[in-house]
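Heads up, the thing below is written out as structure tokens.
Worth knowing before you read on, the calculation uses all heavy atoms, side chains too, and leaves out hydrogens, waters and symmetry mates.
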Amino acid sequence: MADDDSKLSTTALAKKLDIPVQQLFATLRDYGWIRRSGDAWTLLPKGEFEGGSYQNSRRYGRYIVWPQTLDHHPLLAAIESNQRITAASMRRYYPRLHARQINRALAEIGLQHHSILGWELTELGKSLGGKQEESESSGAYYVTWPHEIIDHPVIHRELTCQSDQIPTAEPADAGAEPDLFASPAESVSCVGIDGHQLDTPLQMRVCNWLYLAQLAHAFKRALPTEELITADFYIPAGNVYIDCWDSDISAGEISQRLRKRELYRELGLHSLEVNAADAERLDEVLGRGLLALGIRC
């Protein structure tokens, strides 16, 4: 067996294959060679069979390395890097985001914009390889991107943040394994895209959803009552209050929230609740809920 010092990290292997790093991570995961465990990748039996092993770095800790000749493996040699991808296919790398959220995120950083025709490419998006397309079935506009867009540092940073994932610093050597599959951790700072300092990851996801939907909103807005009671979010357009119910709130907080629910009903205020189980389907919960209250987004 070759000495580990002569082996390639996954990052270096991707460069040798001339494909995006994140595409290789996803491919090895899909083949069952590696899997995510906490904040690190671990080898599976299939990966060990193909020559994968571990190497330790004082700076980056333990990471997976591969034989120099693995680029000739038929499964890897068949990977095409010249494919174009859409927001929907980017979900392979950001599974916690829906295509609509990815499209909105790309629009927020100026790569495209939404019109009555669909998603239209901007000059900035064109400079990053975006191409305007039109659906043959509906005629709606959409944008395709070069596969390498998933390794762009700005795209990586923004979509990773919105996935509640931990951005990985780009290393100076092949020992670093930047990827988009880190699990949420307690240390993740709950700061919304709009700068709001939130209390929980669920609040951060709701805040980001509202911002990307271009809905002006306040955080911890007081209800129109003499008693000082605040809603998690307030949307002036439509006068809608939104509260997030995390799964691990205290008995005292549950009592306060039930009291708030009664006030909404007594005062005839528009309100929505987002539960912890709703985190993966905000488009459905918030989109439909707000539409029922007269707000299109």
Is the number of heavy atoms from other residues, nucleotides or ligands under 6.0 Å of Arg35 CZ greater than 12?
no
Between the side chain of Lys16 and the main-chain N/O of Gln68, is any donor-acceptor distance below 3.5 Å?
yes
Is any side-chain heavy atom of Leu263 closer than 4.5 Å to one of Glu266?
yes
Counting only heavy atoms not in Tyr141, do more than 12 fall under 6.0 Å of its OH?
no
Between Val191 and Leu198, is any pair of side-chain heavy atoms under 4.5 Å apart?
no
Could you tell me if Arg36 sits above the aromatic ring of Trp41, with its cationic atom closer than 6.0 Å to the ring centre and no more than 45 degrees from the axis?
yes
Going from SG on Cys207 to CD on Gln197, what distance comes out if it is rounded to the nearest 0.5 angstrom?
10.5 Å
Ignoring hydrogens and angles, state whether a donor on the side chain of Gln55 or Tyr63 is under 3.5 Å from an acceptor on the partner side chain.
yes
Classify the side-chain pair Asn239/Tyr234 by whether it contains a donor and acceptor separated by less than 3.5 Å.
yes
First locate atom OH of Tyr211, then atom CD of Glu108, and finally report the distance between them rounded to the nearest 0.5 Å.
3.5 Å
Do Asn103 and His114 pair up side chain to side chain, a donor and an acceptor below 3.5 Å, judged on atom types alone?
no
Side chains of Glu133 and Thr144: is there a donor and an acceptor less than 3.5 Å apart?
yes
One pair to check against side chain to side chain donor-acceptor pair (under 3.5 Å): Asp278 and Trp245. What are the steps and the verdict?
CA-CA 10 Å; Asp278 299 329; Trp245 285 65; over 6 Å; no
Salt bridge or not between Arg288 and Asp283? Use side-chain N to carboxylate O under 4.0 Å.
no
May I ask you to test the Glu253-Asp246 pair for a side-chain heavy-atom distance under 4.5 Å?
no
Leu28 side chain reached by Trp66 side chain, heavy atoms, under 4.5 Å
yes
Is there side-chain contact between Gln23 and His147, with at least one heavy-atom pair below 4.5 Å?
yes
Is the shortest side-chain heavy-atom distance between Leu128 and His152 below 4.5 Å?
yes
Determine, step by step, whether Phe233 and Tyr241 satisfy the ring-ring contact (aromatic ring centres under 6.0 Å, His included) criterion, reporting the C-alpha distance in whole Å, the side-chain angles of both residues, the deciding distance to 0.1 Å, and the verdict.
CA-CA 6 Å; Phe233 299 97; Tyr241 297 87; over 10 Å; no
Polar contact flag, side-chain donor to acceptor under 3.5 angstrom, Trp145-Thr86
no
Interatomic spacing from CG in Asp18 to CD in Glu148 - rounded to 0.5 Å:
7.5 Å
Could you tell me if the side chain of Tyr54 sits less than 4.5 Å from the side chain of Val65, heavy atoms only?
no
Could you check Asp243 against Lys260 for salt bridge (charged side-chain N to carboxylate O under 4.0 Å, His left out), going step by step and ending with a plain yes or no?
CA-CA 10 Å; Asp243 290 294; Lys260 194 188 315 184; 2.8 Å; yes
Could you tell me if the side chain of Leu44 sits less than 4.5 Å from the side chain of Ile34, heavy atoms only?
no
